[in-house]
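Inspection log for the structure reproduced underneath, given as structure tokens.
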Amino acid sequence: MNRAPDGRPARSGPPAPKNVPARPRASRTPAVALKAGLTAGLASGLTAALLALASPALAEGGPAVRLPVLPAEPAAGSVCTGRSATTATDTPWEHLSLELPRAARISEGAGVTVGVVDTGVSTEAPALAGRVQAIGPAGDDCVGHGTFVAGLIAAAPAGGTAFHGVAPRARIVAARGTTERGAPTPASVAAGIRGAVDAGARVVTVAAALTDRSSALDAAVAYAARHDVLLVAAAVPDAPRTTTVRTPPPPPRDYWPAAAPGVLGVLDVDVRGGRPDGARLPAHADLAAPGDAVVGIGPRGAGHFVGSGASLAAGYAAGAAALVRSAHPDLSAAETARRLTSTAYPDDVPRLDVYAAVASVAGDTGAAGGGLGAHAGAVRLPDRSHGERATRTAVLVSAAGAGVVLLAGWAALAVPRGRARGWRPARR
């Protein structure tokens with residue numbers, strides 16, 4: 001896929017009209033031909049400028065249908081998340097951003113089990129049928145969040161929709177790391193990590209981003225490292241769905257277990273590589289992945305929901321890790337993490353590139369990221385102005401191109417006429 005200078009997928013211009021016969025050049029006089037050339041050149045420049053102005057809006061078009069929003073945590077006394085009656089039929093923006101179609105030619109995650117430490121993963125979800133191993137009551141997902149994350153990782157493609165997981169042939173181990181209604185604690189997350197490791201997971205994603213560090217959580221992280229299991233965790237808590245008062249975000253800080261050494265901490269970004277105003281920031285993060293208005297499955301039925309948050313970005317990174325560990329089974333957990341960060345797009349926080357992570361030749365991974373023994377420097381908020389500057393540059397370049405076309409056209413008219421008059425002023 002072609003990419004813009006800032007690393008995002010480049011949009012091509014509109015397709016050429018079909019079944020329109022070309023007008024023979026011989027039927028045009030020089031003046032008509034020149035006028036047509038000027039018009040075409042000017043139109044080309046203006047079209048490029050308009051496309052550059054419109055591209056951010058086009059890129060943020062999102063799903064073609066309106067999908068229900070997946071609740072992060074059901075309100076007290078509310079019923080569990082049910083079915084979505086709506087199906088997303090268009091390819092989600094995050095699939096294009098991550099280059100999933102190209103990555104699927106190399107790996108689909110076969111032979112790798114991914115642990116999901118979350119609200120549970122529903123064994124009734126059709127897109128995960130026959131590939132979910134639940135620990136204890138984790139096969140029942142009242143909230144639906146864990147099922148959504150598991151779908152980002154391993155949902156199988158279905159007819160009538162372009163959505164599927166990053167690693168559709170991977171298996172899922174569901175380990176509940178929260179209460180039935182979605183509230184996590186350090187002890188429940190630690191138990192979920194250990195359970196997923198014991199069940200054979202080679203990659204484990206943790207949705208929770210806890211403010212308190214605990215010895216139990218540290219021990220669970222160390223336990224995963226000893227078993228060569230890659231832990232992927234949300235670098236910040238998901239933002240609340242509704243806020244009554246607009247308050248400034250808290251200062252950047254560490255959240256656990258993402259901040260622990262050896263854990264791949266993942267931050268969520270939108271289609272432009274930025275984050276919403278007022279979003280929380282971690283003190284450190286290793287990777288950024290799509291996490292704004294992303295499409296996923298629900299705990300029941302074949303319909304789709306839309307969700308946002310770093311926990312979903314961590315799901316995408318875990319799916320990418322499953323592809324890497326399937327395609328390159330000799331890589332250790334630490335080497336897999338290093339591969340994900342070193343092949344990512346350079347940015348304030350390196351942005352996940354699934355295809356590059358899977359396709360890169362061993363030893364040929366750049367230095368965009370590094371190891372996870374010690375996290376990199378403090379995070380800076382990715383700025384939306386990158387896209388705006390690129391848009392302004394494209395407009396200026398297009399306008400300059402149109403000016404050059406006009407100047408060339410004027411010269412093509414004026415020079416022959418001037419020569420014919422011997423460069424004397426024209427008569428009235």
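Proximity of V173 to V114: side-chain heavy atoms (C-beta onward) are nowhere separated by under 4.5 Å. T205 places none of its side-chain heavy atoms less than 4.5 Å from the side chain of V117. Here the side chains of P157 and P168 are in contact, with some heavy-atom distance below 4.5 Å. Side-chain contact between F148 and D118: absent, with no pair of heavy atoms (C-beta onward) separated by less than 4.5 Å. Contact annotation: the side chain of L312 approaches that of V149 to within less than 4.5 Å [non-hydrogen atoms, C-beta and beyond]. A heavy-atom distance below 4.5 Å is not found between the side chains of S308 and D238. With a 4.5 Å cut-off on side-chain heavy atoms, S188 and T185 count as touching. Counting heavy atoms from C-beta outward, R280 and P250 have side chains that approach closer than 4.5 Å.
Applying the side chain to side chain contact (heavy atoms under 4.5 Å, CB included) criterion to R171, with sequence neighbours excluded, gives T113, R131. Scored by the side chain to side chain contact (heavy atoms under 4.5 Å, CB included) test, A216 finds A190, S214 as partners (sequence neighbours excluded).
Annotation: the span from T86 atom OG1 to H304 atom NE2 amounts to 10.5 Å, rounded to 0.5 Å. Distance CD1/I153 to CD1/I172: 4.5 Å, rounded to 0.5 Å. Here the CG-CG distance, from D212 to L217, works out to 10.5 Å after rounding to the nearest 0.5 Å. R176 contributes atom CZ, which lies 8.5 Å from atom SG of C142 (distance to the nearest 0.5 angstrom). Annotation: the span from L264 atom CG to T341 atom OG1 amounts to 7.0 Å, rounded to 0.5 Å. In this structure, E94 CD and L152 CG are separated by 7.5 Å, a value rounded to the nearest 0.5 Å.
The heavy-atom pair separating I297 from T147 by the smallest distance is CG1-O, 3.6 Å. For the residue pair Y316 and L98, the shortest heavy atom distance occurs at CD2-CD1, 3.6 Å. Nearest heavy-atom pair across W93 and A293 is NE1-O, 3.5 Å. A103 and L323 make their closest contact through CB-CD1, 4.2 Å (heavy atoms, listed as atom of the first residue, atom of the second, distance). When all heavy atoms are compared, the tightest approach of A258 to A234 is CB-O, 3.3 Å. Between A134 and G139, the closest heavy-atom pair is CB-N, 3.3 Å.
Checked by atom type, the side-chain pair H145/S311 shows a donor-acceptor distance below 3.5 Å.
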- Intermediate values then yes/no, side chain to side chain contact (heavy atoms under 4.5 Å, CB included), E99 and D353: CA-CA 7 Å; E99 297 205 72; D353 183 342; 4.2 Å; yes

- Task: Before giving the answer on side chain to side chain contact (heavy atoms under 4.5 Å, CB included), spell out for V189 and L210 the whole-Å C-alpha distance, their side-chain angles and the decisive distance to 0.1 Å.
- Result: CA-CA 9 Å; V189 172; L210 303 168; 4.2 Å; yes

- Item | Intermediate values then yes/no, side chain to side chain contact (heavy atoms under 4.5 Å, CB included), L70 and V306 | CA-CA 6 Å; L70 183 78; V306 66; over 6 Å; no

- Message: With side chain to side chain contact (heavy atoms under 4.5 Å, CB included) as the criterion, how do R213 and D254 come out once you've worked through the C-alpha distance, each side chain's angles and the decisive distance to 0.1 Å?
- Response: CA-CA 9 Å; R213 187 174 187 176; D254 283 326; over 6 Å; no

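Side-chain atoms of H328 come within 3.5 Å of backbone atoms of V358 as a donor-acceptor pair (strictly under, hydrogens ignored). In this structure, the side chain of T161 does not engage the main chain of T89 through any donor-acceptor pair within 3.5 Å.
Classification of E335 and R338 as a salt-bridged pair fails, no side-chain N sitting under 4.0 Å from a carboxylate O. We find that D228 and R325 are joined by a salt bridge, their nearest charged nitrogen and carboxylate oxygen being less than 4.0 Å apart. A salt bridge is defined here as a Lys NZ or Arg NE, NH1 or NH2 lying under 4.0 Å from an Asp or Glu carboxylate O, and D270 with R275 fails to meet this definition.
Around CZ of R169, the count of heavy atoms belonging to other residues, nucleotides or ligands within 6.0 Å does not exceed 12.
With T119 as the partner, the side-chain hydrogen bond (donor to acceptor under 3.5 Å, both in side chains) test is satisfied by one option alone out of D141, T178, T179: D141. Results of the side chain to side chain contact (heavy atoms under 4.5 Å, CB included) test with V232 over V206, V266, V204 single out V266 as the only residue that passes.
Between H95 and F163, the ring-plane angle classifies as tilted under the 30° and 60° cut-offs.
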Return a table of donor-acceptor pairs under 3.5 angstrom between the side chains of residues 191-203 and protein atoms on other chains or two or more places apart.
unit_1	atom_1	unit_2	atom_2	d
D198	OD1	Y223	OH	2.4

